Amino acid sequence: VLGHVPAVVYMKDTEGRYLFINRRFEELFQAGNDAMAGKTDHALFPAALAESFRANDKRVLEARRPIEFEEIVDRNGAPLIYESLKFPLLDADGIPHAVCGVSSDVTLQRKNEEEMRLLRLSIWHADRVERTGAITSSLAHELNQPLAAILSNAQAGLRFLDREPPEANELHAILEDIVRDDKRASAVITGLRAMLKRQDTHRERIDLGRSVDEVVKLMHSEFLTRGVEIHCDLAADCRVRADKAQIQQVMLNLAMNAIEAMAEQPAGTRHLWLSVAAATEGKVKAAVRDAGVGIPPELLGKVFDGFFTTKSQGLGIGLAVCRSILESHGGRIWAENNEDRGATFYLTLPLAREVGGAGPKSA
Ligand code: ADP
């Protein structure tokens with residue numbers, strides 16, 4: 001069996017000397033079982049790598065229980081990623097006398113996962129851009145007409161005022177037209193709001209920390225390429241009744257904004273902290289804290305307004321959407337500047353009640 005499994009299997013004594021390697025090990029690292037006997041990882045691998053293997057082995061020996069590690073081995077210039085399950089062999093007194101390992105090559109699997117993640121992220125991006133783009137262009141189109149009518153009426157009104165004597169009757173009619181067009185414009189906006197609200201939402205009990213963790217995983221390569229170091233403190237079992245996709249969209253928007261706010265900061269100082277914790281009064285509180293440029297104090301109240309943006313390519317819709325999602329969930333979102341550097345966006349959501357079985361669909 002050991003000769004045929006596709007995994008690398010090995011056993012070392014407590015000093016790290018090889019006692020056994022299987023056939024896959026021999027093939028991969030061109031080492032014979034007999035030749036390896038009594039040698040350590042230093043005989044095969046660069047010193048730093050050998051030491052990291054030894055450190056993992058020692059942890060297993062000290063913990064006296066199986067531990068899983070991710071180990072990366074450079075082979076002909078290409079990194080191979082291994083998932084290694086290491087476990088101690090204990091004698092009758094429970095004292096370890098050897099450490100065994102089964103290492104499976106997950107390089108291809110990781111590559112596929114990474115590709116899937118990138119794909120999902122780009123779809124998410126495209127979706128966001130497309131949806132906000134469609135909303136803005138239809139809004140612009142619908143509002144243009146009443147705005148143009150208001151403008152030409154106001155201009156005509158000014159001309160009538162200039163006449164001697166001013167024509168009060170004409171002015172009256174003009175002002176009535178302006179009021180009508182203004183109402184039309186606001187009806188367009190109300191209609192759009194209603195349409196956005198109608199979008200299907202699916203509420204379920206979700207673990208907020210876990211949902212945020214999924215977003216972090218999804219954005220993994222985004223953080224890497226933008227040189228952002230991520231710190232998570234996500235409490236378990238903070239359950240809320242929510243539309244998971246919408247809440248994840250909020251976290252994605254906030255994280256994206258944070259990354260953008262740190263783009264000009266020197267490398268090595270771009271830190272992002274994500275936290276989820278139970279708060280008082282049956283609420284869950286999440287925070288997205290960055291070390292970016294921060295928000296000028298006079299704009300703190302404006303950033304959630306629709307179409308407010310300070311970016312040349314910005315739409316100014318992200319935070320407005322975040323706020324409407326939070327409010328529709330009975331929650332709240334706000335921003336504060338940090339004492340040292342950057343901004344923190346906080347959000348709260350009501351904790352889901354403990355219900356066994358099927359409850360009402362909407363909370
Ligand atoms: P957009 O990103 O398209 O500008 P948003 O609604 O997401 O739209 O953000 C509105 C504005 O809020 C941004 O243009 C920026 O000025 C400000 N802002 C948002 N997040 C941050 C942040 N983390 N740090 C500093 N400013 C921010």
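Whatever order the structure lists them in is the order used to number ligands and atoms, beginning at 1. These numbers come from a predicted model, not from an experiment.
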Please could you name the atoms of ligand 1 that T310 approaches to less than 4.0 Å, counting only its heavy atoms? 13 (C), 14 (O), 15 (C), 16 (O)

Please verify whether a non-hydrogen atom of G316 lies at under 4.0 Å from ligand 1. yes

Kindly indicate whether the side chain of M219, heavy atoms from C-beta on, has any atom under 4.5 Å from the side chain of L252. yes

With a 3.5 Å cut-off and no angle check, do the side chains of T107 and Y82 form a donor-acceptor pair? no

Taking distance alone, with no angle check, do E260 and ligand 1 share an N/O pair under 3.5 Å? no

Quick test of your reading of the model: are E204 and R239 salt-bridged, counting only N-O distances below 4.0 Å? no

Could you tell me whether some N/O pair between A320 and ligand 1 is separated by less than 3.5 angstrom? no

Under 4.0 Å from a heavy atom of V303: give me the atoms of ligand 1 that qualify, with their elements. 10 (C), 12 (O), 17 (C)

So for F304 against ligand 1, with non-hydrogen atoms under 4.0 Å, the contacting part is neither

Ligand 1 contact on I317 by region, counting heavy-atom pairs under 4.0 Å: backbone

Out of the candidates Y18, F45, F69, only one should pair with F53 under the ring-ring contact (aromatic ring centres under 6.0 Å, His included) rule; please name it. F45

Within 4.0 Å of some non-hydrogen atom of G294, the atoms of ligand 1 are 25 (C), 26 (N)

Which ligand 1 atoms does D290 reach within 4.0 Å, using its non-hydrogen atoms? 22 (C), 23 (N), 24 (N)

Electrostatic pair E114:K111 at N-O distance under 4.0 angstrom: no

Going by the side chain to side chain contact (heavy atoms under 4.5 Å, CB included) test, name the single residue among L254, V216, V288 that passes it with L272. V288

Indicate yes or no: does E15 engage R17 in a salt bridge with an N to O separation below 4.0 Å. no

